[in-house]
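Below is one structure; the comments refer to it alone.
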Amino acid sequence: MSDHPEPPTDLANDPDRPAGHRGAPATAVSPPAPSRTESGPGSGTPLSATTNTTAPASGSAGRLRPLGFTRRWPRSFAGRLTAPLPGVRALAKLAREGALRPAAAGLADIPQLPFAPAPLPTADRGTVAVTWAGHASWVIAIGGLTVLTDPVWSRRILGTPARLTPVGVRWEDLPPVDAVVISHNHYDHLDAPTIARLPKRTPVFVPAGLGRWFRRRRFSRVTELDWWEAAEVPSPDGGAVRFDFVPAHHWSKRTLTDTCRSLWGGWVLTDQRGRRVYFAGDTGYGHWFKEIGSRHPDIDLALLPIGAYAPRWWLSTVHTDPEEAVQAFTDLGARNMAPMHWATFVLSAEPVLEPLRRLLAAWEHTGLPRERLWNLPVGGSRLLATA
C-alpha cells in the first residue's frame with residue numbers, strides 16, 4: 001500500500017486541470033440514487049435508515065444518511081459537469097501559450113504573502129473557530145469537534161513547485177481530529193502523505209465514489225455522500241454536528257482512467273445551536289451558490305476560493321476569481337467570508353498577491369462592512385461571535 005499520491009497524468013502535470021471551457025453549460029440534473037446501499041464498516045449506529053437520495057425540495061436541507069456504509073454508485077458523474085471537458089483545440093491553445101505559471105514579476109511578492117502562525121484558539125464546546133492552515137486546509141472547531149478540511153500538510157504536491165508559505169499549523173500541534181471532509185480528489189485537495197498521518201479510525205466524509213480510495217488505505221469509518229445528503233457525528237455534549245454535502249462547479253480526476261468517476265462538492269457544517277460554516281472546496285461561479293444559500297440559510301461563515309483563476313479562458317468554469325467569490329458570498333446570503341485557495345501553491349498564471357488585492361477592491365466596491373471579510377494570514381484564526 002503506497003503512502004504517496006499517484007503520479008499526475010494530465011497536461012503539464014497540473015494537479016487541478018479545469019473541467020472545460022467550451023460549449024454551453026450542461027443542464028443541471030438532480031442526483032441519481034445509488035443503485036444499492038449495503039452495510040459496511042461503520043463508526044456507530046446508523047442515523048437514518050432512508051435510502052431515498054433524490055434531492056430534497058428547495059428550501060430544505062439534505063437527507064440524513066447512515067455513517068460508514070459502503071454504497072454502489074454510477075460509473076461516472078460526468079453528467080454533473082457545469083461545462084464540457086476541454087477539447088483538442090483548447091488543449092492545443094494551452095500548449096502554445098504555456099501560461100500556467102506567473103511571470104517573474106508576478107513571483108516577486110512571495111515574501112509579502114501573509115503568514116502569521118499562532119497557537120490554535122482555545123475552543124470549548126460552545127465555540128466555533130477556524131484556523132487557516134493554507135490553501136483549502138482549515139482546522140475547524142465546531143460543536144466540541146475538531147474537523148479538518150482537505151488536509152494537505154506536505155511541502156510539495158506532484159506537478160507544482162514547493163509551497164510558497166509553510167503550513168500554518170504544525171501537525172504535532174493539532175488536537176485529536178474528530179472528522180475530516182474532502183471536497184474532491186485533485187492532488188492539492190487530497191494528499192496521500194497527509195492522509196497517511198491520520199489514525200485509521202478517523203471519521204472521513206467524502207464525495208460519492210471516493211470511499212474506495214480511503215478503504216484501500218484501511219480507513220474504517222468512511223462515509224460517502226451524494227449532493228444534498230448529510231450525516232451527523234455525535235458531539236461531546238450529547239448533541240451532534242451535521243455534515244451536509246453540497247454541489248460545486250468543478251470536476252474530478254486523479255489518473256488516466258478515472259475522469260469524473262467520483263463526485264466533487266462543498267460541505268456545510270452545522271452545530272447543535274444552528275451555527276453554520278460553509279466550506280466551498282474548489283469551484284467556479286454559478287447557480288449553485290443561491291441554491292445552497294436557500295437550502296442552508298443563515299450561513300455564519302463562508303470559506304471561499306479566490307485564487308488559481310488565470311488564464312480565465314482556461315479556468316473560468318472551475319475556479320472563481322476574486323470578484324466572483326464576492327458575488328458567490330452575496331448569493332449565499334452568508335454573514336462573513338474568509339478567502340482561501342491562494343498564497344500556498346503556484347497553480348496558475350496570476351501574480352501571487354493579485355487575488356487578495358482584487359478581493360479587497362471588489363469587497364469595497366460592494367459597500368459590504370469590512371469586518372465581515374476575514375482575510376486571515378496563513379496560520380491565522382478567528383472565532384465566531386457568540387450570539
Side-chain angles (χ1 to χ4, degrees), residues 1-7 34 37-47 65-73 120 131 133 135-158 167 169-226 229-236 240-243 245 252 254-255 258 261-265 267 269 279 281:
M1 181 173 57
S2 172
D3 288 333
H4 299 283
E6 298 88 345
T37 300
E38 302 175 336
S39 60
S43 60
T45 303
L47 299 163
R65 298 292 312 182
L67 288 171
F69 274 35
T70 301
R71 303 167 66 181
R72 293 186 179 179
W73 299 101
L120 291 171
T131 302
H135 201 52
S137 302
W138 293 86
V139 183
I140 303 177
I142 184 169
L145 305 181
T146 298
V147 181
L148 300 184
T149 71
D150 288 358
V152 178
W153 259 250
S154 295
R155 179 175 176 269
R156 182 189 298 272
I157 54 174
L158 291 179
V167 183
V169 181
R170 298 189 310 169
W171 188 263
E172 54 268 30
D173 292 336
L174 288 172
V177 176
D178 298 296
V180 172
V181 298
I182 301 296
S183 64
H184 65 299
N185 69 356
H186 288 157
Y187 296 96
D188 57 321
H189 293 259
L190 177 58
D191 180 54
T194 301
I195 297 300
R197 301 172 78 170
L198 292 164
K200 301 303 181 186
R201 285 186 57 77
T202 304
V204 181
F205 294 86
V206 303
L210 194 53
R212 182 182 178 189
W213 190 93
F214 283 87
R215 288 189 289 270
R216 286 204 314 262
R217 288 156 178 81
R218 302 181 184 176
F219 282 82
S220 61
R221 307 171 77 179
V222 181
T223 300
E224 293 177 273
L225 296 178
D226 202 338
E229 291 185 338
E232 291 182 343
V233 173
S235 59
V241 174
R242 182 179 173 111
F243 294 73
F245 189 51
S252 69
R254 201 167 176 92
T255 72
D258 70 347
R261 293 288 179 85
S262 62
L263 200 49
W264 51 90
W267 295 90
L269 278 55
F279 168 67

### Task
Identify, with sequence neighbours excluded, every residue that meets salt bridge (charged side-chain N to carboxylate O under 4.0 Å, His left out) alongside Arg197.
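None.
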Are [X] and [Y] packed together at the side-chain level, in the sense that at least one heavy-atom pair is separated by less than 4.5 angstrom?
X	Y	result
Leu174	Val139	yes
Trp73	Leu210	no
Val180	Pro203	no
Thr149	Ser183	no

Short N-O contact, [X] and [Y], less than 4.0 angstrom:
X	Y	value
Arg170	Asp173	yes
Glu224	Arg215	yes
Arg65	Glu232	no

- request: Indicate whether the side chain of Asp191 and that of Ser154 have a donor and an acceptor atom separated by less than 3.5 Å.
  value: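 The answer is yes; a qualifying pair exists.
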Taking [Y]'s backbone N and O only, do any of them form a donor-acceptor pair with [X]'s side chain (distance below 3.5 Å, no angle check)?
X	Y	value
Ser137	Asp150	yes
Tyr187	Leu158	no
Ser252	Ser262	yes
Trp153	Val169	yes
Arg221	Arg201	yes
Lys200	Arg217	yes

Which heavy atom of [X] sits nearest to which heavy atom of [Y], and what is that distance?
X	Y	value
Asp178	Leu145	OD2-CA, 3.3 Å
Pro207	Phe245	CB-CZ, 3.5 Å
Gly68	Thr223	N-OG1, 2.9 Å
Pro236	Gly144	CG-O, 3.7 Å
Arg254	Asp258	N-OD1, 2.9 Å
Val241	Gly143	CG2-CA, 3.9 Å

| query | side-chain hydrogen bond (donor to acceptor under 3.5 Å, both in side chains) between Asp188 and His135: does it pass, once the steps are laid out? | reply | CA-CA 8 Å; Asp188 57 321; His135 201 52; 2.8 Å; yes
Ile195 CD1 to Leu198 CG distance, which is reported to the nearest 0.5 Å |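 Nearest 0.5 Å value for the CD1-CG distance: 5.5 Å.
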Q.
If the condition is side-chain hydrogen bond (donor to acceptor under 3.5 Å, both in side chains), which residues does Thr146 pass it with, not counting sequence neighbours?
A.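 So Thr146 forms no side-chain hydrogen bond (donor to acceptor under 3.5 Å, both in side chains) with any residue.
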side-chain hydrogen bond (donor to acceptor under 3.5 Å, both in side chains) filter on Thr131, not counting sequence neighbours, yields Ser381
Derivation and outcome, ring pair (Phe, Tyr, Trp, His ring centres under 6.0 Å), residues Trp138 and Phe279: CA-CA 9 Å; Trp138 293 86; Phe279 168 67; 8.0 Å; no
Query raised in the report: Parallel, tilted or perpendicular: which fits the ring planes of Phe205 and Phe243, with parallel below 30° and perpendicular above 60°?
Result: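 Parallel.
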(request) Apply the side chain to side chain contact (heavy atoms under 4.5 Å, CB included) test between Trp213 and each candidate in Val206, Asn185, Leu190, Val222; give the one that qualifies. (result)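 Only one option passes, and that is Leu190.
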